[in-house]
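These notes are about the structure you will find just below.
Starting from 1, each residue takes its place in the sequence as its number.
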Amino acid sequence: MTAGDAGERGAEAGAHRGNGGERGGRLVVPGLAVLMVVLLATGWLLSGHLVSGAPALAVAAGRTAASFLVITAVAAVLPRTWAGVRTATARPGGIALLAFLGFFAYYSGTLLGTSRIGASRVGLIVSLLPCLTFLIGIVAFREPSTRRKLLGTLLAVAAACGYAVADGRAGGAEVGTGALLTGGLMALGGTVTYALYGYVYRRRMADVPPLAALPAITGAGTVMLGLATVLFVPLGGMDAGDWAGIAVLGAVLTAPVFVISHELILRKGPLFTSAVALAVPFLVRLGEWALGSAQAPGPLVVVLIAVCAAGVWLTVGGRRAPEGASEQAPRTASEQAARTASGQASGQASGPAHSSAPAGAPASTPLGAPGPALDAVESSSPSQGTTS
């Protein structure tokens with residue numbers, strides 16, 4: 001075989017690897033997308049069930065601990081992540097800040113909010129993550145915006161507010177105005193901190209693959225949430241069923257979403273992953289109805305969720321990439337941070353589209369492998385956004 005033949009075969013192999021839809025079979029991407037959405041929606045429903053009987057901080061701490069164990073095990077069996085793990089653990093200040101923003105504050109806010117206003121409302125608020133990321137970029141970092149992004153953000157926020165008011169019995173009994181405000185603000189505050197997490201990750205961990213950084217970040221988050229739980233939360237009322245449910249939430253529903261969302265981002269890009277996660281709020285609301293914890297959603301509720309999803313899509317959607325090219329590179333810091341938060345949020349929200357793990361890596365990059373293309377989104381986040 002001549003050198004020219006070898007070069008041609010190498011180019012063909014690279015092109016095949018870059019085609020995420022064909023690598024491993026044409027059904028791999030649809031299968032992964034469906035699995036991610038199901039895991040995210042199920043995670044929100046289980047979260048809503050758990051916080052109705054167990055302290056939200058205990059659920060957050062247990063969930064993060066279980067995710068930490070699974071993600072650490074995955075990183076341990078991938079030799080290509082070991083150098084990144086050492087790099088991440090050598091940055092304790094950045095790890096502590098990311099753990100506080102992305103796990104302590106995010107999980108505390110969203111789960112405390114879920115205990116007050118239900119999983120479907122909080123899931124819809126978390127789906128606003130890309131919109132909030134762009135707003136923070138405009139206000140705090142003077143990022144340029146477009147009329148399309150501004151219109152999408154306003155549309156999504158207005159629809160989410162309308163849904164919170166219109167769906168009076170979502171997630172259980174009638175929610176009073178006070179609980180609606182406090183629960184909504186808690187969930188919004190947690191989502192805002194996760195948007196900030198995207199910016200901080202991009203600045204502190206741009207050279208570290210997500211699967212290499214996440215063991216240290218989730219470990220620090222587990223310590224923070226665990227200390228808060230031990231100091232401030234009475235655990236005497238929790239039984240073995242509660243702890244088992246929390247373990248399932250973290251190990252079976254949350255951690256796998258990190259891995260799946262990373263793979264989808266590598267194969268199809270962050271916008272595809274965020275778009276897929278927009279189906280989660282619909283499934284959560286239908287799941288509450290199917291489980292008997294909420295009334296059947298009326299036409300107005302369905303329309304408002306659809307409008308919110310459309311607004312988020314307007315915010316994250318960009319110009320279509322050229323044929324054969326991977327997703328358009330982020331042009332601003334806010335776009336990079338949005339992709340970071342959206343990717344990792346996927347894994348977290350079990351709900352934070354949440355789309356969860358940094359996005360933006362090319363399809364030909366192996367899962368967990370470092371590289372310059374990972375800077376924006378590997379330095380970046382389910383639905384989204386995938387957020388868990």
Has the side chain of [X] got a donor or acceptor atom that lies under 3.5 Å from a matching backbone atom of [Y]?
{"X": "Ser115", "Y": "Leu112", "result": "yes"}
{"X": "Arg121", "Y": "Ala164", "result": "yes"}
{"X": "Thr72", "Y": "Pro215", "result": "no"}
{"X": "Ser120", "Y": "Val284", "result": "no"}
{"X": "Thr64", "Y": "Thr222", "result": "no"}
{"X": "Tyr199", "Y": "Gly137", "result": "yes"}
{"X": "Thr315", "Y": "Pro130", "result": "no"}

Flag side-chain contact, heavy atom, 4.5 Å: [X] against [Y]:
{"X": "Pro297", "Y": "Glu288", "value": "no"}
{"X": "Thr81", "Y": "Pro209", "value": "no"}
{"X": "Arg147", "Y": "Leu151", "value": "no"}
{"X": "Leu40", "Y": "Met36", "value": "yes"}
{"X": "Val28", "Y": "Arg267", "value": "yes"}
{"X": "Phe134", "Y": "Ser145", "value": "no"}
{"X": "Cys308", "Y": "Ser127", "value": "yes"}
{"X": "Leu101", "Y": "Tyr106", "value": "no"}

Consider only side-chain heavy atoms of I, L, V, M, F, W and Y, link residues closer than 4.5 Å, and tell whether [X] and [Y] are in one cluster.
{"X": "Leu249", "Y": "Phe68", "value": "no"}
{"X": "Leu45", "Y": "Val248", "value": "yes"}
{"X": "Ile71", "Y": "Leu69", "value": "no"}
{"X": "Val70", "Y": "Val85", "value": "no"}
{"X": "Leu185", "Y": "Val165", "value": "no"}

Closest approach of [X] and [Y], non-hydrogen atoms and distance?
{"X": "Ile95", "Y": "Ala213", "value": "CD1-O, 4.4 Å"}
{"X": "Ala195", "Y": "Thr133", "value": "CB-OG1, 3.4 Å"}
{"X": "Trp313", "Y": "Arg148", "value": "O-NH2, 4.1 Å"}
{"X": "Arg204", "Y": "Arg91", "value": "O-NH1, 2.8 Å"}
{"X": "Ala60", "Y": "Leu225", "value": "O-CD1, 3.6 Å"}
{"X": "Gly226", "Y": "Ala61", "value": "N-CB, 4.0 Å"}

If I take atom [atom1] from residue [X] and atom [atom2] from residue [Y], how far apart are they, to the nearest 0.5 angstrom?
{"X": "Thr153", "Y": "Leu132", "atom1": "OG1", "atom2": "CG", "result": "8.0 Å"}
{"X": "Ile125", "Y": "Met186", "atom1": "CD1", "atom2": "CE", "result": "12.0 Å"}
{"X": "Phe282", "Y": "Leu124", "atom1": "CZ", "atom2": "CG", "result": "8.5 Å"}
{"X": "Tyr194", "Y": "Leu129", "atom1": "OH", "atom2": "CG", "result": "8.0 Å"}
{"X": "Glu263", "Y": "Lys268", "atom1": "CD", "atom2": "NZ", "result": "12.5 Å"}
{"X": "Trp243", "Y": "Leu50", "atom1": "CH2", "atom2": "CG", "result": "11.0 Å"}

TODO: Kindly assign one of parallel, tilted or perpendicular to the pair Phe103 and Tyr197, based on the angle between their ring planes and the thresholds 30° and 60°.
DONE: perpendicular
- [ ] Give the intermediate values and the outcome of side-chain contact (heavy atoms from CB on, under 4.5 Å) for residues Cys131 and Leu135.
- [x] CA-CA 6 Å; Cys131 303; Leu135 285 178; 5.5 Å; no
Open item on the list: Determine whether Tyr201 and Ile217 satisfy the following criterion, side-chain contact (heavy atoms from CB on, under 4.5 Å), listing intermediate values before the conclusion.
Closed with: CA-CA 10 Å; Tyr201 194 106; Ile217 297 172; 4.0 Å; yes
- [ ] Report the residue from Val34, Ile260, Thr254 that forms a side-chain contact (heavy atoms from CB on, under 4.5 Å) with Leu39.
- [x] Ile260
Open item on the list: side-chain contact (heavy atoms from CB on, under 4.5 Å), that's the test. Do Arg63 and Leu111 meet it? Break it down for me.
Closed with: CA-CA 11 Å; Arg63 174 190 202 173; Leu111 288 174; 4.1 Å; yes
